[in-house]
Peer 1: 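Quick one: the structure is below, questions incoming.
All residue numbers refer to positions in the sequence shown, counting from 1. Keep in mind it's a predicted model, so treat the numbers as computed, not measured.
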Amino acid sequence: MELDHFFILTTPSAPEIRRLEAIGLTPTYRREHVGQGTANVCYCFENAFLEVLWVRSETEARSPAVARMQLAERADWRTSRTSPFGIAWRGETRGASTIPTWQCLPPYLPAGVAIDVATDSDDLAQPLMFTFPGSRAPREWPASRRGVLQAAHGFTTIELRTVWLPPEVRPSATLRQLAAACQASIDVGSARSHGLDIILKRQGAEAELQLRFPECEVMQ
């Protein structure tokens, strides 16, 4: 299993985009998820990518095809203490995983292509955890899709260092499995609220850059 990407749910104004671009990141692509009610901006690195996601239509986000993902509910994290994060993995074929999942068939995907969502994600205090077939690292994408990745400012790879959960929330079995299996490992810690620490790695011996979400704060 490998980390494929992770997302932060934000507002349509997406202030996180300005903060990410201020440190030198360049959007790789933007997309609207028709029928799911969301839109995004993705920042792709050699090994994985960061997605800034927001709900543009609550009606679509609550439609029967995608309602169980509870994206509209997660988007209300500022008042409800739900997790605003999603973690996607790759590297296992459908049926081989020990993670219990259900199949989501969002309308924006080709017919028959499903997102396998961990049943643990029904608990809104856990990140939305999911995978889908055909995922590859961005370095393996066709040139027309991957662009120049984040090399313009020397960034090479991205790592998810820590998933922070409020003290009353225990990590689910799926989150524990992902933390142990993706990358070398991902820490799971306790904090006042939900959070992610990520590491942006640079070429050569330059210092890493650490960010903390959901505020997209640069850590020293």
Side-chain angles (χ1 to χ4, degrees), residues 1-10 14-29 40-54 74 77 83-92 118 121 126-131 135-141 145-166 169 171-172 174-220:
M1 298 174 69
E2 296 177 323
L3 178 69
D4 185 75
H5 70 278
F6 49 93
F7 71 68
I8 165 67
L9 266 167
T10 184
E16 294 82 1
I17 293 175
R18 295 190 297 275
R19 294 169 189 162
L20 289 169
E21 294 178 9
I23 63 174
L25 300 192
T26 302
T28 305
Y29 63 87
N40 69 10
V41 177
C42 291
Y43 301 87
C44 300
F45 297 76
E46 293 179 5
N47 63 320
F49 65 93
L50 166 63
E51 177 182 14
V52 178
L53 181 72
W54 60 91
R74 289 179 179 276
W77 58 269
S83 173
F85 304 117
I87 302 173
W89 75 92
R90 61 175 182 260
E92 291 191 339
S121 300
Q126 305 293 327
L128 183 65
M129 295 167 283
F130 58 97
T131 188
S135 294
R136 294 184 294 168
R139 64 167 68 91
E140 300 173 11
W141 292 354
R145 182 184 178 194
R146 71 174 182 264
V148 295
L149 301 179
Q150 302 303 317
H153 287 267
F155 294 112
T156 55
T157 58
I158 187 169
E159 293 183 1
L160 176 54
R161 172 169 287 180
T162 308
V163 178
W164 299 102
L165 300 174
V169 178
S172 71
T174 297
L175 182 56
R176 292 196 302 270
Q177 185 169 341
L178 292 180
C182 289
Q183 306 173 170
S185 66
I186 300 168
D187 292 330
V188 179
S190 180
R192 289 183 298 174
S193 60
H194 293 282
L196 294 182
D197 282 359
I198 70 168
I199 299 295
L200 308 183
K201 292 201 169 184
R202 299 180 188 267
Q203 296 172 341
E206 293 186 63
E208 302 171 342
L209 183 63
Q210 181 175 347
L211 299 176
R212 177 164 294 176
F213 288 88
E215 301 303 329
C216 194
E217 178 185 3
V218 177
M219 306 297 290
Q220 302 298 327

Peer 1: Show the numbers, then the answer: is there a side-chain contact (heavy atoms from CB on, under 4.5 Å) between L211 and L20?
Peer 2: CA-CA 9 Å; L211 299 176; L20 289 169; 3.8 Å; yes
Peer 1: Please report the C-alpha distance between D4 and R90 in whole Å, then the side-chain angles of each, then the deciding distance to 0.1 Å, and finally whether the salt bridge (charged side-chain N to carboxylate O under 4.0 Å, His left out) criterion is met.
Peer 2: CA-CA 6 Å; D4 185 75; R90 61 175 182 260; 3.0 Å; yes
Peer 1: If every non-hydrogen atom of V188 is compared with every non-hydrogen atom of A179, which pair is closest and at what distance?
Peer 2: CG2-CB, 3.9 Å
Peer 1: So does W141 get a backbone contact from the side chain of R146, meaning a donor-acceptor N/O pair under 3.5 Å?
Peer 2: yes
Peer 1: If you measure from OG1 on T162 to CD1 on I198, what distance do you get to the nearest 0.5 Å?
Peer 2: 11.5 Å
Peer 1: If I compare all heavy atoms of P214 with all of G195, which pair ends up nearest, and what's the gap?
Peer 2: CD-CA, 4.3 Å
Peer 1: If you look at every heavy atom in L209 and V218, which pair is closest and at what distance?
Peer 2: CD1-CG1, 3.6 Å
Peer 1: If you look at every heavy atom in E215 and R19, which pair is closest and at what distance?
Peer 2: O-NH1, 2.8 Å
Peer 1: Give the C-alpha distance, both sets of side-chain angles, the deciding distance and a yes or no for side-chain contact (heavy atoms from CB on, under 4.5 Å) between V148 and T26.
Peer 2: CA-CA 9 Å; V148 295; T26 302; 6.0 Å; no
Peer 1: Report the distance from atom SG of C216 to atom CZ of R18, rounding to the nearest 0.5 Å.
Peer 2: 11.0 Å
Peer 1: Just so I know, are the side chains of P138 and L149 near enough to count as touching, which here means a heavy-atom distance under 4.5 Å?
Peer 2: yes
Peer 1: Can you tell me how far apart NE2 (H153) and CG (L200) are? Round to the nearest 0.5 Å.
Peer 2: 12.5 Å
Peer 1: Can you find a heavy atom in the side chain of V163 that is under 4.5 Å from one in the side chain of F6?
Peer 2: no
Peer 1: Does the side chain of T10 reach to within under 4.5 Å of the side chain of L53, using non-hydrogen atoms?
Peer 2: no
Peer 1: Please tabulate, for the side chains in residues 43-52, all donor-acceptor contacts under 3.5 angstrom to protein atoms that are two or more places apart in sequence or on a different chain.
Peer 2:
unit_1: Y43; atom_1: OH; unit_2: E21; atom_2: OE2; d: 3.2
unit_1: N47; atom_1: OD1; unit_2: I158; atom_2: N; d: 3.0
unit_1: N47; atom_1: ND2; unit_2: I158; atom_2: O; d: 2.8
unit_1: E51; atom_1: OE2; unit_2: N40; atom_2: ND2; d: 2.8

Peer 1: Taking all non-hydrogen atoms of both residues, which atom of T28 and which atom of R145 are closest, and how far apart?
Peer 2: CG2-O, 3.7 Å
Peer 1: Nearest 0.5 Å, please: how far is OG in S185 from CG in L178?
Peer 2: 12.5 Å
Peer 1: State the CH2-OG distance between W164 and S83, to the nearest 0.5 angstrom.
Peer 2: 14.5 Å
Peer 1: Would you please test E217 and R212 for salt bridge (charged side-chain N to carboxylate O under 4.0 Å, His left out) and show each step?
Peer 2: CA-CA 5 Å; E217 178 185 3; R212 177 164 294 176; 5.8 Å; no
Peer 1: I need the T156 OG1 to E208 CD distance, nearest 0.5 Å.
Peer 2: 9.0 Å
Peer 1: Who passes salt bridge (charged side-chain N to carboxylate O under 4.0 Å, His left out) against E16, sequence neighbours left out?
Peer 2: none
Peer 1: Between the side chain of S121 and the main-chain N/O of M129, is any donor-acceptor distance below 3.5 Å?
Peer 2: yes
Peer 1: Would you say Q126's side chain and S172's backbone share a donor-acceptor pair under 3.5 angstrom?
Peer 2: yes
Peer 1: Mind checking whether H194 and W77 have side chains closer than 4.5 Å, heavy atoms only?
Peer 2: no
Peer 1: Of all heavy-atom pairs between L128 and F7, which one has the smallest distance, and what is that distance?
Peer 2: CD2-CZ, 3.9 Å
Peer 1: Please examine the side chains of D187 and D197, heavy atoms only from C-beta on, and report whether any two atoms are closer than 4.5 Å.
Peer 2: no
